[in-house]
Each structure stands twice: as structure tokens, then as C-alpha cells.
Number of protein chains: 2
Amino acid sequence: MRKKTATRSQRAPRRTDSLSRELIIQTAIELLDSRGESALTLRALTVRLSTGYGAIYHHVADKSDLLAAATDDIITRVLSGAGMDTDPRETLRHLALGLFDAIDAHPWVGAELSRQPWRPALLDFYESIARLLDALAIPERSRFDAAGTLMNYVLGVAVQNAANARRLADSDTDRATFLDTAAAQWAQVNPSRYPFVHAAAAQLREHDDREQFLAGVDIFLTGIAALRQSSES
Amino acid sequence: MRKKTATRSQRAPRRTDSLSRELIIQTAIELLDSRGESALTLRALTVRLSTGYGAIYHHVADKSDLLAAATDDIITRVLSGAGMDTDPRETLRHLALGLFDAIDAHPWVGAELSRQPWRPALLDFYESIARLLDALAIPERSRFDAAGTLMNYVLGVAVQNAANARRLADSDTDRATFLDTAAAQWAQVNPSRYPFVHAAAAQLREHDDREQFLAGVDIFLTGIAALRQSSES
DNA sequence: ACCTGAACACCGTTCAAGT
DNA sequence: ACCTGAACACCGTTCAAGT
């Protein structure tokens, strides 16, 4: 009560329109996208929304609920934009790239997915994958493992790529110099003990994460095709 | 200074032998293994080690340095135990399973690897993979992408599996009931909109993560084998 | 050189109190 | 029903001071 009148004049004005869960989630996404994971604090949210802690907790269970909701929002947005191509293989590539790019653009989504890999929003992704594998004539018996493997691969790479993106954002070096120093480290490794790492240093500098990701999808698709043959017993 | 004599009698006795970075790391691993990621606090370390904050910071840069060192320790331990089989494919499977099992046993390693995917300790893993791909006659041109894809897949799955293991450890349900409830959710999904998810529910309940992981490794190995043929131009 | 531990600058979360 | 914001129970990290 003491200095109340003094502090009140300095306090930010409260909002007049009412708060909503949706508004809180969108504000959280803005914060995460613009200033990174560590910028999402309850404090920052109260400031941005001109409100108090309790107001936020009235619409959202806790911070992890908020992070999960924000993640669902991004994923749903990506998947709804994914069209169906005529060629199943091509559609699968586009689908995988869509998730890859989305997580690259919102690295915090990668971190959250690595904490909670099975969000309901990913059901659509799984469904699409299974449908396309069916179109590729993968027998039902193998489909479960194949779909699971592709899910794992796509999410796994995206998550790791996001970790790199976050580290790049934290430091002040750009991707080129980052790869240069990494490649330099690989090149300095003892060539007799690590011949292959040593030899790969040059390719590390030149490689494109997105292309390598796609190369992996293609390896998977080739491997999958063999499941079709071997099942014709 | 006030209640100093009063509190001193209740204070835990200080250690007499000297602290070391190694001892701190091992204690951190014990804490992480027995009580999970959230149990590793500087406070808990001072108690377990009968020392003060400054003593720990004298041997370790900060908490993330400590977590990284603990992770390196586990990974190095796993890789040093991996033997070389006569069949390269079999060796590759063992290698992948070794990392999978290690991260399953120490889920916090998975979380840390998803934050810092390129720890030096993983160089050995990469080297082994590349060497085995060479033994499988994968042409040099394709080896970089193939090795990267395999690394990504193995780490990706292990990390996600670790996330599940952590969530299971946090809650009080066991794996069987967890899968049952997940499968029940999948089964309740709208069958006309999600026919494949709906159909996969039964397999979800019965599947074994470790076996599905191996099935994925085989898919990739099959796909990689095809790189050998297509390069004979 | 190695260690101590109070103090600092943060967190997420709660809850009596207001409208 | 919806919101306020002081207070609580934690964090990791620092640093003057000790041996």
C-alpha cells in the first residue's frame, strides 16, 4: 500500500478488451520467433499483453501447456498448406520438406517436439505418410514400421537442424563461418585414426542441410521400395 | 554473522580430500541417472559433494559445460565397448543399437544431444559408420550423404525415444498402460478421416520400439546399398 | 590454488483480493 | 468470470572473503 500512488503512474496501462487463449498463444509465438526460446517468460508475456500473471494463468494451464499449444499451431498451419501431388514419391518429399522448413523457421518447435514427440497435430502427418506408402504399394504388414521410420527420420533431422539453427542464432557467427570452423576442426583430426572424418571435412563445408535431408528421404524411399518386392511371396 | 555458531553445528561437514572435475562429472551422472534431469541442480551437487558453489565453479565453467561433459562420458563409454563384427551390416546394426540402448538407459543424454548434436565424442561414431559404408562398397561420392543420413536417423530416433522414456519416468504409468491409452486414442480417431491412423492403433499397442528402430536401420541400409549399383556409370 | 556461502538477478506459479 | 500483483519457492551464477 505504501508507495502505491507513486508507482501507479509509472505502471503500464491495462488492456481494455478481454484476453483470450488464442491471443496469448499468438503473442507467445511472436516472442519465440523474434527473440528465441529464452525470451518466452511469463513476465515478458504480461508486459506484451498489458496484463497480470493471473490473467494468463486463467486461460492457460502452465508454461508447458502454452508451448505445446504454440507448437500445435505451427504444425497445423504447415500441414494444412501441404498439397497432394500426382506422384506419391514427390508428395512425400514435399511433405517432409514442409516440416523441415517449418522447424527451420521456428527452431523452438523442434525443441518442443523433441520433448513431446507425439502431439495430436502430428496425426495428420502420420496419416499422410501412411496413405502415400499405401499408394506406393507397400504391403500393410510393413507399413507400420515404414511409416514410423519415416516419421522418426523427418522429425529427428528437423529437431537436430533446429538445434543448430538455435545455436547459430545465439552466437553471432553466420552459417558459412560456422561450417568453416567445424570443417577446420574435422580437418585437424588425426588422419590415421579418423581417416573418414578427415576426408569428409571438405564436404562438410560445402554441404547443404536441406539437400542432405532430401538425400536421406530418397535413401529411405529406395529402401522402402524393396519391401514391396520382398513381400511378393 | 548473527546465528553463525548456531547454524554451524547443523551444517554438513566439509569434505577433506580435494574435489576434481572428474568427481563432479561422475556425481552429476549419478544424480541424472537416479533422479532425472531436473534433479541436477547446483544445490544438489553441493550437498552430495559436501562442498560449496564456488568449489564446483572452480572445476567446471557452468551447468551446460557439466551436462556436456557428462554426455561425452556416457557416449565414449558406449563406443569403446562396440566391437567389430565380420559382417559390416551386422556391425552397423550393433553400433546403432548400442547408441539406442545407451540413450534409453540415460534419457538425459538424448535431451543433451538434441541441444548439442555435434559433440566431439560422436566423431568416433561417425568414423565407424563411414568405415563400414566403405566396407559395403558405397562410393565415396555418396558416402557423405549416406553416413549423415544414418547418423541423423540413429540420433533422431534415440533422442525421441529418450523423450518418451523421460515422460514415462515422470508419470507413474508403465509402458504397457501408456501404449494402451495411446492406442485407445488412435482407435477413437475418426476412421473416415484418419483410416491409416485408425488401422495402426492395434500395431501401436504391440510394437517394440527397439525392433522398429532396427527395422528402420535395415530400410536405410537397403536404400544405401542401391547407391552402390547406381554409381557404376 | 582451492574453497566458502551470502547475495544477486532471475525464473514459474499461487492466491487473497479486487471488479 | 476475469483479472491484479505481491509473495513464494525455487533456479544458476558471482564474488569478497577465507585457508
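Chain A is the first sequence line, chain B the second, and so forth, proteins listed ahead of strands; every chain is numbered from 1.
Take B:Thr181 and apply the side chain to side chain contact (heavy atoms under 4.5 Å, CB included) test, not counting sequence neighbours, and it matches no residue.
What separates CG of B:Leu40 from C1' of D:dC11 is a distance of 12 Å, to the nearest Å. Atom CG in B:Leu23 sits about 10 Å away from atom P in C:dC3, given to the nearest Å. Separating the NE2 atom of B:His58 from the C1' atom of C:dG5 is a distance of 16 Å, rounded to the nearest angstrom. For the pair B:Arg43 CZ and C:dA7 C1', the computed distance is 15 Å after rounding to whole Å. Straight-line distance from the CG atom of B:Leu42 to the C1' atom of C:dA7: 15 Å, rounded to whole Å. Note: CG (B:Leu31) to C1' (D:dG12) measures 15 Å, nearest angstrom. Counting to the nearest Å, the P atom of C:dT13 and the NE2 atom of A:His59 are 16 Å from each other. With rounding to whole Å, B:Glu37 atom CD is found 15 Å from D:dC11 atom P.
Salt-bridge formation is not detected for the pair B:Asp124/B:Arg119: no Lys NZ or Arg NE/NH1/NH2 atom is positioned less than 4.0 Å from an Asp or Glu carboxylate oxygen. A salt bridge between B:Asp72 and B:Arg77 is absent, with no side-chain N of the basic residue lying under 4.0 Å from a carboxylate O of the acidic one. For A:Glu112 and A:Arg166, the salt-bridge test fails: no basic side-chain N is under 4.0 Å from an acidic carboxylate O.
Ring-centre distance between B:Phe213 and B:Tyr153: below the 6.0 Å cut-off.
Heavy-atom distances under 4.0 Å link DNA chain D to no residue of residues 62-71 of chain A.
Residues B:Leu97 and B:Arg210 have side chains in contact (heavy-atom distance under 4.5 Å, counting atoms from C-beta outward). Within the 4.5 Å cutoff, side-chain heavy atoms of A:Leu45 are placed close to those of A:Leu66.
Counting non-hydrogen atoms under 4.0 angstrom, B:Leu45 reaches nothing in the nucleic acid.
For the C1' atoms, the distance from C:dA16 to D:dC3 is 13 Å, rounded to whole Å. If you take atom C1' in C:dC10 and the same atom in D:dA9, they sit 13 Å apart, rounded to whole Å.
The distance from the CD atom of A:Gln160 to the CH2 atom of B:Trp118 is 9.0 Å, given to the nearest 0.5 Å. Rounding to the nearest 0.5 angstrom, the gap separating the CG atom in B:Leu32 from the CG atom in B:Leu40 is 4.5 Å.
Side-chain nitrogen and oxygen atoms of B:Thr46 include none within less than 4.0 Å of the OP1 or OP2 phosphate oxygen of C:dG5.
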With B for base contact, S for sugar-phosphate-only contact and - for none (protein heavy atoms under 4.0 Å), nucleotides 14-19 of chain C reads BB----

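With both pairing distances under 3.5 Å, D:dA6 is matched to C:dT14 as a Watson-Crick or G-U wobble pair.
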